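Quick caveat, the model's predicted, so the values are computed rather than measured. Computation of the quantities below employed the complete heavy-atom set of this structure, encompassing side-chain atoms and omitting hydrogens, waters and symmetry-equivalent molecules.
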Amino acid sequence: MNRRIKIGFIVLVVTVLLSNILPVRLFIEGLFIRYHFETKNSEFQYTLIANKDKVEGMKNLFKEFLKNNPQTNDTVLYRTFKRNPLKFWNWRFYMTSDMYDYKLKN
């Protein structure tokens, strides 16, 4: 019984490690994963496509929006997507990606 637990634990750890490798994650999630960001009143919206867009591009567009709309009170950008703990292959991405630094919009 003790040996079964050890083997099961090793299989679980190896599965989590292998599933966090980018090609495996892309195979599981798909090539064009979309992440949506917006301000509180949805005056500014941006959809980031994984593997194509960068967060820096969104930040630059948001700065441009704020510069062109100085009257707006919408100065905070939120993400509209949640972390899904059941997608264990994304755990490393959840911890390292700067997309998750933005507060979640309810």
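Clustering ILVMFWY residues whenever any of their side-chain heavy atoms sit less than 4.5 angstrom apart, transitively, puts Val76 in a cluster other than the one holding Met58. Tyr78 and Leu66 sit in two unconnected hydrophobic clusters of ILVMFWY residues. Membership requires side-chain heavy atoms under 4.5 Å apart, directly or through other members.
The distance from atom CD1 of Ile49 to atom OH of Tyr35, rounded to the nearest 0.5 Å, is 11.5 Å. We find the NZ-CZ distance between Lys67 and Phe62 to be 14.5 Å, quoted to the nearest 0.5 Å. The CG atom of Asn68 sits 10.5 Å away from atom CG of Leu61, with the distance rounded to the nearest 0.5 Å. To the nearest 0.5 Å, atom CZ of residue Phe65 and atom OG1 of residue Thr75 are 10.0 Å apart. Distance check, rounded to the nearest 0.5 Å: CD1 of Ile10 to CD1 of Ile5 gives 12.0 Å. Note that CG of Asn60 is 13.5 Å distant from NZ of Lys54, once rounded to the nearest 0.5 Å.
Phe37 is not listed as a side-chain neighbour of Thr80, based on a closest heavy-atom distance of 4.5 Å or more. Contact check for Tyr100 versus Arg79: side-chain heavy atoms found under the 4.5 Å cut-off. Considering only heavy atoms from C-beta on, Arg34 stays 4.5 Å or farther from Phe81 through its side chain. Put simply, the side chain of Leu77 does not reach to within 4.5 Å of the side chain of Lys59, judged on heavy atoms. Looking at heavy atoms from C-beta onward, Tyr94 lies in side-chain contact with Asn84 at the 4.5 angstrom threshold.
A donor-acceptor pair under 3.5 Å links the side-chain atoms of Lys105 to the main chain of Lys40, judged by distance alone. Between the side chain of Asn41 and the backbone N or O of Glu43, no donor-acceptor pair lies under 3.5 Å.
Residue Asn73 qualifies as open at atom CG: its count of foreign heavy atoms under 6.0 Å is 12 or below.
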Open item on the list: Working note: Trp91 + Arg83, criterion side chain to side chain contact (heavy atoms under 4.5 Å, CB included); need CA distance, chi angles, decisive distance, verdict.
Closed with: CA-CA 9 Å; Trp91 288 352; Arg83 293 178 176 106; over 6 Å; no
